[in-house]
Amino acid sequence: LYGQGKLREAEAAFRAAVKADGRSFEAHSGLGVVLYAMGKTDGAILAWQTALKLNPRSASVHSNLAAALTKKGRTKEAIAACKRALELKPNFAGAYLNLGRAYQTAKQYKEAISAYRSALRVDPKFADAWLNLGWTYAKGTNQPREAVRCFKEYLRLTPTPNDCTCLVKDYIAKHGG
């Protein structure tokens, strides 16, 4: 259901699974994914926290939790969750991305750049890492030349236009490149 974009139905199915078996890691984890996609961040946080009580070794759930915590401005908790995800799975590019976003939100730009670069060491074709690194250079550290370089790589890896590609192209046009 989730993969088909039927979020309400997926939420109902996961809630039913949680009700049927409150000890199901998969049910709580899946409910968190659906709630987050629906913009119900507080509910997603609770679902993922419950999932982690059932399986504290899930790097992906720690990373998902970090994304939701960052969205709520709870960056210290988000950074801790990302670091735990990376302890469990050291080459997890998505956790490095979420770590960078948490640092960026906390205005810790040097640390954000380091996290995004770590994501790119793991996966040099990770378009979202190039995008976020570019915005950190553009807005966090005022380094337009570096931002343009990152944005060009993002565009190379993102052939289908979207809202971000339009913003990136505008930035490149204004700052040379």
Side-chain angles (χ1 to χ4, degrees), residues 2 5 7-8 10-11 14-15 18 25 27-90 92-123 126-144 146-147 150-151 154 158 162-168 170-171:
Y2 173 77
L7 299 179
R8 286 187 184 151
E11 178 186 7
F14 279 117
R15 287 194 185 282
V18 165
F25 165 79
H28 288 285
S29 177
L31 179 60
V33 170
V34 171
L35 292 174
Y36 191 74
M38 296 174 77
K40 298 179 179 181
T41 308
D42 291 327
I45 289 170
L46 291 173
W48 285 325
Q49 287 172 332
T50 302
L52 287 170
K53 287 177 187 171
L54 298 168
N55 179 7
R57 300 196 50 79
S58 173
S60 62
V61 174
H62 280 287
S63 184
N64 289 345
L65 175 61
L69 291 167
T70 297
K71 193 171 186 178
K72 298 300 283 186
R74 295 164 59 181
T75 56
K76 285 184 182 182
E77 293 170 85
I79 290 164
C82 283
K83 287 181 177 181
R84 180 64 181 137
L86 290 164
E87 287 172 10
L88 295 166
K89 188 175 176 184
F92 187 1
Y96 281 117
L97 179 74
N98 286 332
L99 180 61
R101 288 176 173 160
Y103 279 130
Q104 191 171 357
T105 299
K107 298 186 181 351
Q108 295 177 308
Y109 301 118
K110 180 181 171 189
E111 293 84 353
I113 288 168
S114 176
Y116 294 137
R117 290 203 172 281
S118 293
L120 291 167
R121 273 192 292 283
V122 173
D123 182 0
F126 193 178
D128 283 348
W130 284 109
L131 176 67
N132 283 276
L133 181 59
W135 285 123
T136 303
Y137 280 128
K139 295 185 176 187
T141 64
N142 194 26
Q143 296 181 56
E146 284 298 311
C150 294
F151 289 153
Y154 168 76
T158 311
N162 60 48
D163 291 342
C164 289
T165 58
C166 293
L167 292 172
V168 165
D170 287 346
Y171 184 91

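FYI, side chains are in, hydrogens and waters are out, and symmetry mates aren't considered; it's all heavy atoms of this structure. Since this is a predicted model, take the numbers as computed values, not measurements.
Side chains of Thr165 and Tyr154 form a contact here, defined as non-hydrogen atoms less than 4.5 Å apart. No side-chain heavy atom of Arg101 sits under 4.5 Å from any side-chain heavy atom of Lys71. Residues Cys150 and Trp135 are not in side-chain contact: their nearest non-hydrogen atoms beyond the backbone lie 4.5 Å or more apart. By the 4.5 Å heavy-atom criterion applied to side chains, Arg74 and Ile45 are counted as neighbours.
Nearest approach of Ala129 to Ala119, heavy atoms of both residues: CB-CB, 4.0 Å. Summarising the geometry of Asp123 relative to Ala93, their closest heavy-atom pair is CB-CB, 4.2 Å, with the distance given to 0.1 Å. Of all non-hydrogen atoms in Trp48 and Asn64, the two that sit nearest each other are CZ3-O, 3.2 Å. Of all heavy-atom pairs between Leu120 and Trp130, the closest is CD2-NE1, 3.2 Å. Scanning all heavy atoms of the two residues, the minimum distance from Ser63 to Ala95 falls at OG-CA, 3.5 Å. Taking all atoms of both residues into account, the shortest heavy-atom contact from Thr70 to Asn98 is OG1-O, 4.5 Å.
At most 12 non-hydrogen atoms from other residues, nucleotides or ligands lie less than 6.0 angstrom from NZ of Lys83. Residue Asn162 places its CG atom among more than 12 non-hydrogen atoms of other residues, nucleotides or ligands, all under 6.0 Å distant.
One finds no salt bridge joining Lys72 and Glu77 here, because no Lys/Arg side-chain nitrogen approaches an Asp/Glu carboxylate oxygen to under 4.0 Å. The existence of a salt bridge linking Arg84 and Glu87 is confirmed by a sub-4.0 Å separation between a basic side-chain nitrogen and an acidic carboxylate oxygen.
For the atom pair Leu52 CG and His28 NE2, the distance stands at 11.5 Å (nearest 0.5 Å). The CG atom of Leu69 sits 9.5 Å away from the OG1 atom of Thr75 when rounded to the nearest 0.5 Å. In this structure, Thr158 OG1 and Phe151 CZ are separated by 11.5 Å, a value rounded to the nearest 0.5 Å. Atom-to-atom distance recorded for Gln108:CD and Ile79:CD1 is 5.0 Å, nearest 0.5 angstrom. Taken to the nearest 0.5 Å, the CZ atom of Phe92 stands 9.0 Å off from the SG atom of Cys82. For the atom pair CG of Leu99 and CG of Leu86, the computed distance is 6.5 Å after rounding to the nearest 0.5 Å.
Sorted by first and then second residue, the side chain to side chain donor-acceptor pair (under 3.5 Å) pairs with a member in residues 109-122 read Gln104-Tyr116, Arg117-Tyr137, Ser118-Arg121; sequence neighbours excluded.
In this structure, the side chain of His62 does not engage the main chain of Arg57 through any donor-acceptor pair within 3.5 Å.
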* **Steps toward side chain to side chain contact (heavy atoms under 4.5 Å, CB included) verdict (Leu35, Arg15)** => CA-CA 11 Å; Leu35 292 174; Arg15 287 194 185 282; 3.7 Å; yes
